[in-house]
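As structure tokens, the structure follows; a few thoughts come after it.
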Amino acid sequence: QAQLVESGGGLVQAGGSLRLSCAASGRTFNSYSMGWFRQAPGKEREFAAGISRSGGSTYYADSVKGRFTISRDNALNTVSLQMNRLKPEDTAVYYCAAAMGFSNDYVPGSRGSYDYWGQGTQVTVSS
């Protein structure tokens, strides 16, 4: 079972940047596909970005493509989300998630594909 702990959230002005990190413990980290989801007040939790077990494939929601970059370090058991050119509509609680059972270069994009979740970290973007 994976334990996931996010860090790096905070308050930033529109146009600014933040970097989120997620530290994983438990089963071998490279057996998990990893993703970042976000949930704004009153909205459903939505997929933002994902990365395959090998790190060779990434997948982004259209709303963040070109602004966010997901990466992982399998030696350090971490996954990160670099967020640039932030917008007020990026305000949400961001969750790190881990998915088991997918091939080395596949990135699952649906919430139901993910088995383990962190507690979330708040990102607030002021206009």
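Between Y94 and M83, the closest side-chain pair of non-hydrogen atoms falls below 4.5 Å. Between F68 and L81, some side-chain heavy-atom pair lies under the 4.5 Å cut-off. F47 is not listed as a side-chain neighbour of Y60, based on a closest heavy-atom distance of 4.5 Å or more.
One N or O on the side chain of E6 and one on the backbone of G120 form a donor-acceptor pair closer than 3.5 Å. Put simply, the side chain of T91 never gets that close to the backbone of T124: no donor and acceptor are under 3.5 Å apart. For the pair S54 (side chain) and G56 (backbone), a donor-acceptor distance under 3.5 Å is present. The backbone N or O of F102 sits nowhere less than 3.5 Å from a side-chain atom of S33 that would complete a donor-acceptor pair.
With respect to D105 and R53, no salt bridge is recorded, no charged nitrogen being found less than 4.0 Å from a carboxylate O. For K65 and D62, the salt-bridge test passes: some basic side-chain N is under 4.0 Å from an acidic carboxylate O.
Under the salt bridge (Lys or Arg N to Asp or Glu O under 4.0 Å) rule, R38 has a single partner from E44, E89, E46, which is E46.
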Decide yes or no on side-chain hydrogen bond (donor to acceptor under 3.5 Å, both in side chains) for Q3 and S25, but give the supporting numbers first.
CA-CA 5 Å; Q3 290 83 44; S25 60; 3.2 Å; yes
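W36 and I51 fall within the same hydrophobic cluster, defined by Ile, Leu, Val, Met, Phe, Trp and Tyr side-chain heavy atoms under 4.5 Å apart, directly or through other members. Hydrophobic clustering, with ILVMFWY side chains joined whenever heavy atoms are under 4.5 angstrom apart, groups W117 together with V93.
Side chains of S113 and S110: a donor-acceptor N/O pair is present below 3.5 angstrom, by distance only.
Judged by the 6.0 Å and 45° rule, R111 forms no cation-pi pair with F37.
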